[in-house]
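One structure is given below, encoded as structure tokens.
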Amino acid sequence: MPETTPLRVAIVGAGIAGLGAAIALQKHDGIDVQLYERAHQLQEIGASIALGPNGMRTLERLGVHEALEDDVAFRNKSGRPMVYRHWKTNEVVSVDHHRGKVEYRHQTARYYRPHLQQALLAHIDPSRIHTGKAFAAVEELHHQGDDTLLVSFADGSTVTADVLLGADGINSAVRRSFVPSSAPKWTGWVAFRSVFDAKLVEHIPGVLEEANHWWGHDRTFFASRLGRDLFTVVGGWHGDPDAHAGSPYQASTWNSDGDVAVLREYYKDWHPVVRQMIDASPYTRLYPNTFASSLESWVHGGGRVTYAGDAAHAHGGAFAAGGSLALDDAYAFALAIFHVYPPGSAHKPGEAGIRTALGLYEQTRKAHTDRVLSTVREGNKKKVESLGRTETDEQLRRRMSDRADPAWIHEHDVEAAFAQAVEREGKTPTAEQARL
Ligand SMILES: Cc1cc2nc3c(=O)[nH]c(=O)nc-3n(C[C@H](O)[C@H](O)[C@H](O)COP(=O)(O)OP(=O)(O)OC[C@H]3O[C@@H](n4cnc5c(N)ncnc54)[C@H](O)[C@@H]3O)c2cc1C
């Protein structure tokens, strides 16, 4: 045990990014990591979530092996990450492939979100998680050469910390406290989602074997089996977010009640396989999609505050990449802290060391996630521009076949990116620093 006082890392938000970072950091005896979560209880809410090979590898590095098991993680029988089908004929028009060498256990998997959350939670000492703590503000304290952060919560309580990680999701209050203009905006898409017992769709041919994405001219439909014999369907409505008339979902809120009859109406001309799945859905809930452009810097608060997950890149879940990006952020953050404060080291980093760590973290993650954000922004723009335009069947098929290959997102190697960031700094990481 180091003799100095521990490095205090406060994490705001106990979602996938916050939990992942805490799991990694708690392995270091010289780090006191604490999580502050707004919710009063870590409830089992949410629908489905996908992890690509990058997220699966990071889960394994974090030691969350049970989340890789078939019991909770559903993988396509064909091994393909995604299958794209025609809305009217149900034929396969295109497929995604894993590009690099991807072991079975790292193949793209789909979860009921609470199962993933439970697997992460099982790896954290519950005494580190403080619920009912909504972030309110952070200020730098300078006292006789000993600089710290004072973090305040909505209930009036405060804590001091050496480093603050804002992992408080897409509407991050930590991020907005430094960049007020970074509030995400509605993209014009509202997802209708539900999760239910897979038995309700077992009579529909083929739907339990593969995650499928049906593309139509003005909307898409996604369906997949999940772990523990659950099933999810995701339909949607697209509109112009800036149109003041005719936007029925302008005021809809995240995870609010939807109407299955409306969903049936939207898909009434689609292939019977899609219609049967909607008929089998016992309910639907609404999730308006939002987006914010990339931050200029990921480091604020005198070099002691940074972000992870949706708080760092409010991409709105496009490419089903949010969970994996959050896990990779969490892991890269821990690698960067360990770089300046290797396990077993007796001396915790001072201001300069913390600045170096957060700088390395930003260099490891920001360029990659900025590219994700600009790709998503272009896609959102094209979707709005295409509203009301007629598209021939041939054009639709070409759009499906010509879509960009997302393997660069799903197979991104965060350890290699970290090693490159360290190299750019002119220091090669030791084997211990390069891998937790
Ligand atoms: C309830 C819920 C359901 C979701 N369901 C899906 C889904 O079905 N499919 C999907 O693809 N993605 C879903 N997401 C988003 C997905 O989990 C994220 O894109 C991704 O996992 C990134 O995780 P994150 O940790 O950055 O953010 P999140 O998972 O959003 O976690 C952020 C955490 O911070 C907490 N928080 C927020 N504000 C404050 C504050 N001021 N102070 C303290 N704590 C705060 C939140 O309560 C939450 O626990 C969901 C998110 C949530 C919160």
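Just follow the structure's listing: the first ligand is 1, and inside any ligand the first atom is 1.
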Indicate yes or no: does an N/O atom of [X] lie under 3.5 Å from an N/O atom of ligand 1?
| X | result |
| --- | --- |
| A17 | yes |
| F135 | yes |
| A326 | no |

Quiz prompt | Output field: ring centroids W214/W87 closer than 6.0 Å | solution = no
Quiz prompt | H300-Y307 aromatic ring centre distance below 6.0 Å | solution =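 When the ring centroids of H300 and Y307 are compared, they turn out to be within the sub-6.0 Å range.
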Quiz item: In ligand 1, which numbered atoms sit nearer than 4.0 Å to a non-hydrogen atom of V12?
Solution: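 Counting from 1, the qualifying ligand atoms are 42 (N), 43 (C).
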Practice problem: Give a yes/no verdict on whether any heavy atom in S48 is under 4.0 Å from an atom of ligand 1. | Solution: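 Yes, S48 has heavy atoms under 4.0 Å from ligand 1.
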Self-check item: Under-4.0 Å heavy-atom contact with ligand 1, by part of R38 that carries it
Solution: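 Looking at R38 and ligand 1, atoms from backbone and side chain both fall under 4.0 Å.
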Exercise. Examine the proximity of ligand 1 to D310 and report which part, side chain or backbone, both or neither, has a heavy atom under 4.0 Å away.
Key: both
Quiz item: Can F135 and S172 be said to form a side chain to side chain contact (heavy atoms under 4.5 Å, CB included), step by step?
Solution: CA-CA 9 Å; F135 171 86; S172 173; over 6 Å; no
Practice problem: Over 60° means perpendicular and under 30° means parallel, so classify the ring planes of H368 and W408, tilted if in between. | Solution: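 Perpendicular, since the angle between the ring planes exceeds 60°.
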Quiz prompt | Over 12 non-hydrogen atoms of neighbours within 6.0 angstrom of NZ in K101 | solution =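 Atom NZ in K101 is not packed in, count stays at 12 or less.
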